[in-house]
S.K.: 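The structure is given below, and queries will be raised subsequently.
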Amino acid sequence: MAAVAAARAVSAGPGLRGLKRTLPLVVILGATGTGKSTLALQLGQRLGGEIVSADSMQVYEGLDIITNKVSAQEQRMCQHHMISFVDPLVTNYTVVDFRNKATALISLGKTATRLGGCKAAQAKKVFFLVTISPKQRSLQVFEETGISHSEFLHRQHAEEGGGPLGGPLKFPNLCILWLHAEQTVLDERLDKRVDNMIAAGLLDELRDFHRRYNEKKIVENSQDYQHGIFQSIGFKEFHEYLITEGKCTPETRNQLLKKGIEALKQVTKRYARKQNRWIKNRFLSRPGPSVPPVYGLEVSDVSKWEESVLEPALEIVRSFIQGHKPAATPVKMPSSETENKRSYHMCDLCDRIIIGDREWAAHMKSKSHLHQLKKRRRLDSDAITTIESQSISPDHDKELKEKGSLGQNDEELKSGV
């Protein structure tokens, strides 16, 4: 259920005999359920390429249905990479590990040569990981570089070609496609997808995975739904259902099953909204000077997929391959003329550098910042209480206790004791 996918494009074209050229990296953005994998597969087939999946949960072996992995048949139709190669019990596989492996795969196909009538080109699709938390990322940056995350970002922004999203782009020739749908339509689609997962054998998959990898952890009270594949949307939602098998009545089991299904539907729809907000904030509202244009494709009506999604996508990608500017108009988000898109803000509470007035305003209202603010106020309050308690003299303390006793006696008299 990753939010981003990309494809390394494709044919060098008849005019490139004996020439070597850099191919575009085609990025497919979109919330879960918008058809990113479908489009990537179709582009890969038609334009001759390979797919690099980077869904944060699809890298692990197991839970193929709940993580919505492409089928074995689809993988044979177009070569896929980065799927089911990490042991489920490995919980320390990081975005850095993924980046290193995926970058090497993508780099293999960054050039194409046409000799005679033979094409030598590769296509790639990369799902960039978006699940790593800012705290985790800060720890990784500090461990790898010895400097704070905020200082690391500041240095990246200052590099030539850097911007609000970080340093210079690794693959500068980017073609970005954004699949988007009406929210009500997407909600219905996601609910139906959960029902289809159940029909495809999701419950058997969950039971088998639970018995093989999680049952012992439950007994030892060491289960962890915050790391690795165990954090997959859909696994923890069925926790009660899985641990009560054979321990409760059929009626209770049925209720727990319904509860799990409803929870899965709700959390999936919330996740889709979160992905869309991330895309708008990071690629549309605050693009920065080095972020390429984003081309929107409406996917609400799947009956018009060929004419509304596939054909326009093919035209855009082919334009990039041929070195032409696409005829399609990129998506642009309205912004205030008075907004300073390059303003620099430092949040000491969160140890983050924020670029742009709108980003700063959004950060100040974010849950992570408000949590840090609440934590700081609590610590300050505790410190003040400690100082005040230490500054009270023994005589004053005795006086307070006596007043407390008098107050208690007064209450006793009022009650007629």
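Counting begins at 1 with the first residue of the sequence.
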S.K.: R352 and S368: side-chain donor and acceptor closer than 3.5 Å?
M.R.: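 There is no such pair between these side chains.
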S.K.: Quick check: does any side chain N or O of E237 sit under 3.5 Å from a backbone N or O of G234, one acting as donor and the other as acceptor?
M.R.: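 Yes, E237 side chain to G234 backbone: donor-acceptor pair under 3.5 Å.
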S.K.: Going by salt bridge (charged side-chain N to carboxylate O under 4.0 Å, His left out), name the pairs with one or both residues in residues 311-321, residues two or more places apart or in two chains.
M.R.: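 Not a single pair qualifies under salt bridge (charged side-chain N to carboxylate O under 4.0 Å, His left out).
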S.K.: Locate the shortest heavy-atom distance separating H363 from H369; write the atom from each residue and the value.
M.R.: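 H363 and H369 have their closest heavy atoms at O-CB, 3.2 Å.
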S.K.: Nearest 0.5 Å please: distance from the CD1 atom of I51 over to the CE atom of M82.
M.R.: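 So the gap between those two atoms works out to 14.0 Å.
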S.K.: So which atom in S84 and which in K69 form the shortest heavy-atom distance, rounded to 0.1 Å?
M.R.: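 Nearest heavy atoms, S84 then K69: OG-NZ, 2.7 Å.
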S.K.: Does some side-chain heavy atom of P24 sit less than 4.5 Å from a side-chain heavy atom of I321?
M.R.: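 Yes; the side chains approach each other to less than 4.5 Å.
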S.K.: For Y295 versus V331, what's the shortest heavy-atom pair and its separation?
M.R.: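 Closest approach of Y295 to V331, heavy atoms only: C-CG2, 4.2 Å.
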S.K.: Is the backbone of I83 close enough, under 3.5 Å, to the side chain of S53 for a donor and an acceptor to pair up by distance?
M.R.: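 Looks like no, no N/O pair under 3.5 Å.
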S.K.: Determine whether a donor-acceptor pair (N or O, by modelled atom type, separation under 3.5 Å) exists between the side chain of N254 and the backbone of P250.
M.R.: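 No, the answer is negative, given that no donor and acceptor are paired below the 3.5 Å cut-off.
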S.K.: Return yes if some donor-acceptor pair links the side-chain N/O of R99 with the main-chain N/O of T94 below 3.5 Å, else return no.
M.R.: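 The answer is no, because no donor-acceptor pair under 3.5 Å joins these two groups.
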S.K.: Can you find a heavy atom in the side chain of K365 that is under 4.5 Å from one in the side chain of L370?
M.R.: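 The answer is no; the side chains never approach within 4.5 Å.
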S.K.: List the steps, then state whether side chain to side chain contact (heavy atoms under 4.5 Å, CB included) holds for L190 with K265.
M.R.: CA-CA 7 Å; L190 293 174; K265 289 181 177 180; over 6 Å; no
S.K.: For Y225, is there any backbone N or O sitting under 3.5 Å from a side-chain donor or acceptor partner on Q223?
M.R.: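 A pair under 3.5 Å: no.
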S.K.: Going by heavy atoms in the side chains, are R189 and V302 under 4.5 Å from each other?
M.R.: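 Yes - at least one pair of side-chain heavy atoms lies under 4.5 Å apart.
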S.K.: Ignoring hydrogens and geometry, is there a side-chain-to-backbone donor-acceptor pair from K36 to A31 under 3.5 Å?
M.R.: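 At least one qualifying donor-acceptor pair exists.
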S.K.: Please tell me if the side chains of I279 and V294 come closer than 4.5 Å, counting only heavy atoms from C-beta onward.
M.R.: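 No, side chains not in contact.
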S.K.: Enter the distance from L349:CG to M364:CE here, rounded to the nearest 0.5 Å.
M.R.: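 Between atom CG of L349 and atom CE of M364 there are 8.0 Å.
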S.K.: Looking at Q231, is its backbone amide N or carbonyl O close enough to the side chain of K236 to form a donor-acceptor pair, meaning the two atoms are under 3.5 Å apart?
M.R.: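 Flag set: sc K236 to bb Q231 pair under 3.5 Å.
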S.K.: With side chain to side chain contact (heavy atoms under 4.5 Å, CB included) as the criterion, how do K217 and L89 come out once you've worked through the C-alpha distance, each side chain's angles and the decisive distance to 0.1 Å?
M.R.: CA-CA 11 Å; K217 292 179 177 289; L89 297 181; 4.3 Å; yes
S.K.: State plainly whether the residues K192 and D195 are in salt-bridge range, i.e. N to O under 4.0 Å.
M.R.: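 Here K192 does not pair with D195 in a salt bridge, since their nearest N and O are not under 4.0 Å apart.
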S.K.: Would a 4.5 Å heavy-atom cut-off, applied to side chains only, mark Q58 and H80 as touching?
M.R.: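 The answer is no; the side chains never approach within 4.5 Å.
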S.K.: In the structure I gave you, are the side-chain heavy atoms of H227 and N92 within less than 4.5 Å of one another anywhere?
M.R.: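 Heavy-atom side-chain distance check fails, nothing below 4.5 Å.
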S.K.: Is the CD atom of E220 crowded by more than 12 outside heavy atoms at less than 6.0 Å?
M.R.: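 Correct, the count exceeds 12.
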S.K.: Take T32 and I233, measure what side chain to side chain contact (heavy atoms under 4.5 Å, CB included) needs, and give me the verdict at the end.
M.R.: CA-CA 12 Å; T32 182; I233 290 178; over 6 Å; no
S.K.: Which heavy atom of I316 sits nearest to which heavy atom of C175, and what is that distance?
M.R.: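 Closest approach of I316 to C175: CG2-SG, 3.7 Å.
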S.K.: If we only count heavy atoms from C-beta on, is the L39 to V299 side-chain gap below 4.5 Å?
M.R.: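 No, their side chains stay 4.5 Å or more apart.
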S.K.: Examine distances only and state if a side-chain atom of E74 and a backbone atom of S71 form a donor-acceptor pair shorter than 3.5 Å.
M.R.: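 Side chain of E74 to backbone of S71: a pair is present.
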S.K.: Can a donor-acceptor pair be found, under 3.5 Å and without considering hydrogens, that links the side chain of E205 to the backbone of D64?
M.R.: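 Present.
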S.K.: Does atom CZ of R273 have more than 12 heavy-atom neighbours, drawn from other residues, nucleotides or ligands, at distances under 6.0 Å?
M.R.: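 More than 12 within 6.0 Å, yes.
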S.K.: Scan for ring-ring contact (aromatic ring centres under 6.0 Å, His included) pairs involving residues 191-215, sequence neighbours excluded, and state none if there are none.
M.R.: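 Qualifying pairs, neighbours excluded: F209-Y213, F209-F230, F209-F235.
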S.K.: Quick check on side chain to side chain contact (heavy atoms under 4.5 Å, CB included): which of I261, I66, I243, L256 does F238 satisfy it with?
M.R.: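 Only match with F238 under side chain to side chain contact (heavy atoms under 4.5 Å, CB included): I261.
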S.K.: Under the side-chain hydrogen bond (donor to acceptor under 3.5 Å, both in side chains) criterion, do R193 and T268 qualify, and how do the steps go?
M.R.: CA-CA 10 Å; R193 188 165 81 171; T268 302; over 6 Å; no
S.K.: Got a second to check how far E298's CD is from S308's OG, nearest 0.5 Å?
M.R.: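 The OG atom of S308 is 7.5 Å from CD of E298, to the nearest 0.5 Å.
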S.K.: Indicate the atoms forming the closest heavy-atom contact of Y60 with G228, along with that distance.
M.R.: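 Of all heavy-atom pairs spanning Y60 and G228, the closest is OH-CA, 3.4 Å.
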S.K.: Under the criterion side chain to side chain contact (heavy atoms under 4.5 Å, CB included), I'd like the reasoning laid out for R378 against K374: C-alpha separation, chi angles, the key distance, then a yes or no.
M.R.: CA-CA 6 Å; R378 184 169 61 249; K374 184 178 180 181; 4.2 Å; yes
S.K.: First locate atom CG of L43, then atom OG1 of T38, and finally report the distance between them rounded to the nearest 0.5 Å.
M.R.: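 Rounded to the nearest 0.5 Å, the CG-OG1 separation comes out at 11.0 Å.
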S.K.: Between CD of E240 and CZ of R253, what distance do you get to the nearest 0.5 Å?
M.R.: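 Interatomic distance, E240 CD to R253 CZ, rounded to 0.5 Å: 11.0 Å.
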S.K.: Rounded at 0.5 Å granularity, tell me how far CD1 in I218 sits from NE2 in H239.
M.R.: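 Here the interatomic distance stands at 4.5 Å.
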S.K.: May I ask you to check whether over 12 heavy atoms, not counting those of K101, lie within 6.0 Å of atom NZ?
M.R.: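 No, not enclosed.
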S.K.: Is the backbone N or O of Q79 less than 3.5 Å from a side-chain atom of H81, with the two atoms forming a donor-acceptor pair by type?
M.R.: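 Between the backbone of Q79 and the side chain of H81 there is no qualifying donor-acceptor contact (under 3.5 Å).
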S.K.: Is the shortest side-chain heavy-atom distance between Q226 and T91 below 4.5 Å?
M.R.: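 Sidechains of T91 and Q226: no contact.
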S.K.: Please report the closest heavy-atom contact between M197 and I65, naming both atoms and the distance.
M.R.: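 That closest heavy-atom pairing would be CE-O, 3.4 Å.
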S.K.: For residues Q266 and E262, is any side-chain donor paired with an opposing acceptor at under 3.5 Å?
M.R.: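 Yes, because at least one side-chain N or O of Q266 sits under 3.5 Å from a partner of the opposite role on E262.
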